[in-house]
Amino acid sequence: MKRKFINYIWLSFLLFISSVYLSCATTVKVKMTRPAQLDLNGAKTVAVLPFKPYSYYREHNTTIGIGRRIVLNTFYQIFEIKDPDEQLAIDTLRSQIERGLLDSPYITLVSAESVQQSMRKGTLNPADVYLTGEVSYFSVEDRKYEERKMVKPANGNQLAEYQIIKYWVREVEFNFSYQIVDSSTETVIAYNEFRCDRSSSGYESRYDLPGAYSLIESDIRSAGRRILQELQPYTIIKSITLLEVKTKDKALKERMKAADELAEDSQLAQASAEFSKIYEETGLVEAGYNAAILQEALGNFSLAEEMMLDLYNSHPDSRVAKGLSDIRYEINQAKRLKKQIKETEPSEEYLDSIEESEDLDLDF
């Protein structure tokens with residue numbers, strides 16, 4: 001009897017867990033384009049200047065702030081980097097940023113060499129802005145520690161035996177600061193930095209320690225992605241969660257479930273229409289919310305705001321208020337994106353000058 005009771009309790013628990021997972025709210029994932037985190041005043045071209053290694057870093061550089069002039073010639077030295085791991089980190093960061101800008105439909109990458117040449121000859125600078133950067137700190141330290149480890153457990157009157165094991169651990173610290181510089185005035189318009197500090201696992205032999213670069217590589221690539229997001233619009237995958245209905249009306253639950261399934265099958269417009277119909281007929285808040293939030297997922301932000309605002313005026317629910325706030329956030333993001341794209345589009349005068357230059361028959 002006791003065993004049957006325990007089995008009953010265990011079965012009930014499993015059914016409860018299953019019901020929780022089976023009743024999870026429907027979530028749709030949509031791609032959205034975000035504006036660049038920095039507004040570069042309509043910059044159309046950017047150059048990535050050579051990054052300085054740590055051995056060329058000077059402490060007074062930390063005083064560089066917004067609006068300060070920066071000496072660009074210092075970034076065109078021939079840098080000698082003695083540590084191959086630091087070289088790998090710098091090369092990875094710069095190449096990732098340049099590849100991202102090269103693939104961008106919003107901004108044009110120009111070479112650092114063409115910028116240097118224009119500075120030397122006093123000709124028109126091909127870059128509207130520069131990205132300059134330097135390693136402000138780089139350190140690789142191998143540290144040894146000891147750990148008491150049981151090698152033989154106690155047995156009867158015989159005590160357990162222990163041994164002192166020596167381990168090696170590698171610690172890497174890499175700090176990088178960077179600036180966005182206006183080429184027309186050579187002043188800093190944005191300044192930022194990132195820091196990464198990683199440690200390896202313990203190894204009995206120092207020769208088994210992983211390379212310093214391998215410990216920070218993921219941080220370097222992540223930093224490269226963040227810098228690209230500051231310079232240009234980028235794409236994200238956003239999760240939009242629908243509200244679940246809590247009703248004992250089986251027919252209504254079935255209608256909501258059918259609309260949910262449409263959303264799960266990426267038929268967002270049909271799902272929104274079905275939720276709207278349910279809301280109009282029943283006044284169910286969850287249906288009205290889902291209809292509006294799916295319009296956000298479709299990119300119809302004005303319609304989504306109108307629908308969610310009408311719902312909130314009729315049902316001042318905190319969930320609806322949160323949905324309305326999210327839609328308005330997307331509207332603001334879309335306005336910023338539109339402004340940035342418009343600023344970076346070539347002017348008619350620029351396009352005309354390009355066409356004229358192509359029509360010219362120049363013999364050299």
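Quick note: numbers below take in every heavy atom, side chains included, and nothing from hydrogens, waters or symmetry partners.
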Mind checking what makes side chain to side chain contact (heavy atoms under 4.5 Å, CB included) contact with Lys31, not counting sequence neighbours? Thr235, Ile237
Who passes side chain to side chain contact (heavy atoms under 4.5 Å, CB included) against Pro84, sequence neighbours left out? none
Please, which pairs that meet salt bridge (charged side-chain N to carboxylate O under 4.0 Å, His left out) have at least one residue in residues 221-231, sequence neighbours excluded? Glu217-Arg221
Just to verify, what does Phe176 make a ring pair (Phe, Tyr, Trp, His ring centres under 6.0 Å) with, not counting sequence neighbours? Phe51, Phe194
Name all residues meeting the side chain to side chain contact (heavy atoms under 4.5 Å, CB included) criterion together with Ser314; count only those two or more places apart in sequence or in a different chain, and write none if there are none. Tyr279
Arg198/Glu173 salt bridge by N-O under 4.0 Å criterion: no
Connecting only ILVMFWY residues whose side-chain heavy atoms lie within less than 4.5 Å of each other, what is the rest of Met307's hydrophobic cluster? Leu303
Residues Arg34, Leu337; criterion side chain to side chain contact (heavy atoms under 4.5 Å, CB included); working and verdict: CA-CA 7 Å; Arg34 288 280 182 255; Leu337 176 63; over 6 Å; no
Decide salt bridge (Lys or Arg N to Asp or Glu O under 4.0 Å) for Glu296 and Arg328; before the verdict, give the C-alpha distance in whole Å, the side-chain angles of both, and the deciding distance to 0.1 Å. CA-CA 10 Å; Glu296 176 190 344; Arg328 286 175 171 171; over 6 Å; no
Salt bridge check, Lys253 against Glu244: does any charged N sit closer than 4.0 Å to a carboxylate O? no
List the atom pairs, with distances to 0.1 Å, where a side-chain N or O of residues 159-168 and a protein N or O form a donor-acceptor pair under 3.5 Å, not counting sequence neighbours.
none

Applying side chain to side chain contact (heavy atoms under 4.5 Å, CB included) to Arg319 and not counting sequence neighbours gives Leu243, Val285, Glu286, Asp317
Checking Asn125 against Tyr130: is there a side-chain donor and acceptor pair closer than 3.5 Å? yes
Distance-only criterion, 3.5 Å: show the donor-acceptor pairs between side-chain atoms of residues 145-157 and protein atoms not counting sequence neighbours.
none

Could I get the full list of salt bridge (Lys or Arg N to Asp or Glu O under 4.0 Å) partners for Arg336, not counting sequence neighbours? Asp39
Stepwise side chain to side chain contact (heavy atoms under 4.5 Å, CB included) test for Val181 and Ile189: CA-CA 6 Å; Val181 183; Ile189 57 178; over 6 Å; no
Qualifying residue, where the test is side chain to side chain contact (heavy atoms under 4.5 Å, CB included) with Phe174 and the options are Asp219, Val135, Leu215, Asp197: Val135
Any carboxylate oxygen within less than 4.0 angstrom of a Lys/Arg side-chain nitrogen, looking at Glu98 and Arg94? yes
Would you mind listing every salt bridge (charged side-chain N to carboxylate O under 4.0 Å, His left out) that reaches into residues 199-211, with sequence neighbours excluded? Asp142-Arg206
Hey, could you give me each pair passing salt bridge (charged side-chain N to carboxylate O under 4.0 Å, His left out) that has a residue in residues 114-130? Not counting sequence neighbours. none
Should Arg170 and Glu141 count as an ion pair when the cut-off is N to O under 4.0 Å? no
